[in-house]
Each structure stands twice: as C-alpha cells, then as structure tokens.
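Below: one structure, written as structure tokens.
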There are 2 protein chains.
Amino acid sequence: MPGPDIAAQLDAAERLCTKNGTQLTTLRRVVLDLVLRSTAPLTAYQLLDQLKSTRKSAVPPTIYRALDFLIENHLVHRIERLNAFIPCDADHEHADAQFLICHQCGTVTELEDHGVSDALAAAAAARGFTPSRAMVELDGLCATCAPPDTAPPPAHR
Amino acid sequence: MPGPDIAAQLDAAERLCTKNGTQLTTLRRVVLDLVLRSTAPLTAYQLLDQLKSTRKSAVPPTIYRALDFLIENHLVHRIERLNAFIPCDADHEHADAQFLICHQCGTVTELEDHGVSDALAAAAAARGFTPSRAMVELDGLCATCAPPDTAPPPAHR
DNA sequence: ATGCGTATGATATAATATAGAAAGCGTCAT
DNA sequence: ATGACGCTTTCTATATTATATCATACGCAT
Ligand SMILES: [Zn+2]
Ligand SMILES: [Zn+2]
Ligand SMILES: [Zn+2]
Ligand SMILES: [Zn+2]
C-alpha cells in the first residue's frame with residue numbers, strides 16, 4: 001500500500017503553493033516526494049541520503065532549506081520528538097495539529113482535535129499567554145500495537 | 001531575586017530521591033543546583049561549561065547522564081523545542097505537564113492543566129492510542145511581553 | 001545593462017547527543 | 001577479609017543534527 005496516489009498529492013501541493021504565491025521547485029518537489037513515499041518519519045539526513053542519488057550536489061543545507069519551505073507551506077510537519085519529518089495528512093489551513101507517535105511501530109498519526117486545541121487556548125488565555133504555535137506530541141502505543149487489555153479498540157461515539 | 005531558597009529545593013530533592021530509592025549524588029546535586037539557579041532554560045552544553053569550573057573531568061556524557069537522572073526523578077524537565085532544561089516547578093508526581101515558552105523574554109512556565117490533559121487523554125482514547133508521555137509546548141508571548149491589545153491580563157475566575 | 005529577488009551551490013563549522021570500555025567504590029554474603 | 005555485585009563516574013571517541021557564510025545562477029523589472 002504505497003499510499004493514495006502520490007502524484008495527485010504532489011499536484012495538489014503544486015496548486016497550494018501557486019495559491020500561496022510560492023514556488024514548488026523541482027528540488028522541493030523531489031524532497032516532498034521522498035517524504036510522501038515513506039511510511040515512517042524520516043530524518044533530514046535520511047532524506048539527504050536519498051536525495052543524493054538523484055542530485056549529487058545535495059548537502060545538509062539543501063535538505064534543510066527544502067524542508068523549511070515545505071513546512072512553511074504546510075506540506076510537511078516536523079516531529080520534534082524524533083527530529084524527523086512526515087507529510088501533512090490534511091489539505092487544511094492548519095490552525096493546529098497534534099501527533100500520536102507509536103514507539104512500537106514508529107508510525108505517527110496527525111490529529112486536528114478541537115477539544116485539545118480549545119483546552120490549550122483556554123489554558124494559555126487564563127495565564128495571559130498569547131500562543132503562536134502549539135507543539136503537541138504524544139508518545140505511546142497505537143491501537144494496533146497496544147496489548148488488548150490495556151487499550152480497547154477505538155471507542156465509538 | 002535568586003528564586004525561593006535553592007538550598008531548600010535541593011534538600012527537598014534529596015528527600016524525594018531517598019523516597020524513590022535513588023541517590024542524589026554530589027555530581028547530580030551540583031547539576032541540579034545549576035539548573036535551579038538559572039532564570040532561563042539552559043542547554044546541556046551551557047550546563048557543561050559551568051560544571052567544568054568545579055569539576056574538571058566533566059565531558060558531555062557527564063552532563064547528559066546527570067540530566068537523565070534528574071529528569072527520571074522529575075526534578076528537571078527537558079524542553080524539546082529549545083533542547084534545553086529547566087527545573088521542575090512542582091513537588092508533584094507529575095502526571096503531565098505543559099510548557100509555555102515566551103520567545104520574547106525566553107522564560108518557560110510550567111503548567112499542570114487538567115483541561116488540557118483530559119482533552120489529550122480523550123483524543124488519544126478515541127483513536128485507541130495508549131499514551132505513555134505527553135509533550136505539550138506552546139510558543140508565544142507571555143503576559144509581560146505581549147502587547148496589551150493582543151492579550152489582556154490573565155482572566156479572573 | 002543593470003539591479004533585484006529568489007533559489008541553489010559549495011564549504012565549513014557549530015551544536016547536540018550517544019557508544020562503549022574501564023575504573024572506583026560502597027555493600028553484603030560467604 | 002574478600003570477592004562478587006551494582007551503581008556511579010571517568011575517559012576517549014564518534015554519531016547525529018543543524019546553521020553560518022559566501023558564491024553562483026536565473027528570471028524579471030527598471
Ligand atoms: Zn498537517
Ligand atoms: Zn504501533
Ligand atoms: Zn514539573
Ligand atoms: Zn515574555
């Protein structure tokens with residue numbers, strides 16, 4: 001299961017950048033493609049290694065600049081806990097996201113949970129704090145990896 | 001304002017470790033002291049530089065091991081966004097904490113907000129995810145640094 | 001043609017973090 | 001007491017992650 005049509009996602013990214021007045025250049029597109037193809041988060045240097053096979057001039061600043069661009073354009077997220085990068089899972093404007101990191105299988109799930117973001121906004125406001133960016137990452141075990149006793153399958157309702 | 005009695009905090013830390021069956025050795029105590037004295041978060045290498053003045057043998061593993069110990073014993077927190085460390089602000093058992101990072105003045109405030117932790121627990125449970133550790137860090141402006149229009153002083157009630 | 005903004009290339013280095021082997025040092029059972 | 005054990009520290013080396021800086025190229029507007 002290579003994921004739902006990477007070409008389509010790249011094209012959507014292209015349109016998003018055009019809309020934003022930014023350029024999804026070939027280099028950036030290649031890096032995004034690498035991120036999209038991976039099931040697990042990739043570090044900057046893992047991406048760099050892969051990039052080098054098609055672009056011999058690639059060095060650390062190459063990949064970090066491309067990633068910065070992709071992050072600013074909400075095409076990629078950085079997972080701080082892992083120093084690694086994953087594709088954005090949503091088409092959205094990204095008010096806020098949260099990440100669930102399974103330390104068994106390594107997968108990272110992106111959420112946009114309003115209960116969480118509302119609670120964060122309230123907690124910040126109550127202290128006069130003006131948030132500009134929220135970083136919310138939970139380490140744990142995903143539904144697949146958790147022992148059944150510990151974590152029943154997703155609750156309904 | 002050097003903070004409320006560092007000696008007392010060190011003694012409290014000592015008691016906590018004894019209770020936990022761990023040892024707050026001289027080295028660890030010195031590192032904790034350094035962390036406690038700072039108003040701003042300190043990086044591992046900033047701490048190392050300071051430590052070197054009294055312990056010539058100190059090298060990176062020295063400080064990282066001491067920090068690992070202090071973190072496991074809930075005496076220090078690591079702020080992932082900053083790769084830096086702050087003293088734990090609470091005596092508690094630390095179910096969960098959140099951090100507000102002011103990017104103007106650099107201060108980091110520790111919260112234990114149940115609205116946030118409940119929302120996180122609910123969001124995780126709804127997806128069958130079993131969290132073992134939550135990392136919640138908000139970048140923004142603290143009450144002191146925020147322009148008055150943008151962020152009114154802390155709400156009452 | 002000149003200047004300007006943006007993107008990329010290229011070199012070097014900074015900053016952060018860990019691996020692994022060995023030595024010191026209590027303590028405790030034999 | 002002594003030797004085995006566990007924990008802490010020392011020491012050396014290296015791995016990993018990230019940025020600074022300057023140069024080059026290209027498209028486009030003056
Ligand atoms: Zn996203
Ligand atoms: Zn899993
Ligand atoms: Zn704390
Ligand atoms: Zn501030």
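All values below come from the heavy atoms of this structure, side chains included, with hydrogens, waters and symmetry mates left out. By convention in this document, chain letters (A, B, ...) are assigned in the order of the sequence lines, proteins followed by strands, and residues within each chain are numbered from 1.
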Nearest 0.5 angstrom please: B:E80 CD to A:N83 CG, how far? 8.0 Å
Once you round it to whole Å, what is the distance between C1' of C:dA10 and CG of A:L27? 14 Å
How far apart are the C-alpha atoms of B:L100 and B:L111, what are their side-chain angles, what is the distance that settles it, and do they pass the side-chain contact (heavy atoms from CB on, under 4.5 Å) test? CA-CA 8 Å; B:L100 307 180; B:L111 309 183; 4.0 Å; yes
Choosing from D:dT19, D:dT9, C:dT16, which nucleotide comes nearest the side chain of B:T43? C:dT16
Need to verify one output field. Residue with the more 5' nearest nucleotide on DNA chain D, A:D68 or B:T62? B:T62
Distance below 4.0 Å between A:N83 side-chain N/O and D:dA18 OP1 or OP2: yes
Find which nucleotide of DNA chain C each of B:Y64 and A:V59 is nearest to by heavy atoms, and output the residue with the more 5' nucleotide. A:V59
Least distance between heavy atoms, B:L75 atom then B:C17 atom: CD1-SG, 4.0 Å
Return the 5'-most residue of the pair B:P60, B:R28 with respect to DNA chain D, ranking by each residue's nearest nucleotide. B:R28
Residue A:Q23, side-chain atoms from C-beta onward, closest of C:dG9, C:dT6, D:dT17: C:dT6
One thing to verify: whether B:D68 and B:R78 come together as a salt bridge, which I'm taking to mean a side-chain N less than 4.0 angstrom from a carboxylate O. no
Closest to the A:R65 side chain: C:dA10, D:dT17, D:dA13? C:dA10
Which of residues 48-56 of chain A sit near DNA chain D, with a heavy atom under 4.0 Å from it? none
OP1 or OP2 of D:dA18 versus the side-chain N and O atoms of A:R78: is any pair under 4.0 Å? yes
Over how many whole Å does the gap from B:L24 atom CG to D:dT8 atom P extend? 11 Å
Go through the N and O atoms of the side chain of B:Y45 and the base of C:dA17, and report whether any donor-acceptor pair is under 3.5 Å. yes
Rounded interatomic separation in angstrom, taking CG from B:N73 and C1' from D:dT8: 14 Å
What's the CG-P distance between B:L42 and C:dT16, to the nearest Å? 11 Å
Rounded to the Å, how far apart are B:I63 CD1 and C:dT18 C1'? 15 Å
Does C:dA7 have OP1 or OP2 sitting under 4.0 Å from an N or O in the side chain of A:T25? no
In whole angstrom, what separates B:E80's CD from D:dA18's P? 12 Å
Mind calculating the distance between CD1 (A:I79) and P (D:dT17) to the nearest angstrom? 15 Å
Rounded off to whole Å, could you give me the CZ-to-C1' distance for the A:R81 and C:dA17 pair? 14 Å
Looking only at the aromatic ring of each residue, does the gap between the centers of B:H77 and B:F85 stay below 6.0 angstrom? no
Of all heavy-atom pairs linking A:E112 and A:D96, the shortest is CG-O, 3.3 Å
On a heavy-atom basis, the closest approach of B:E14 and B:L24 is OE2-O, 3.5 Å
Charged N-O contact under 4.0 Å between A:D33 and A:R37: yes
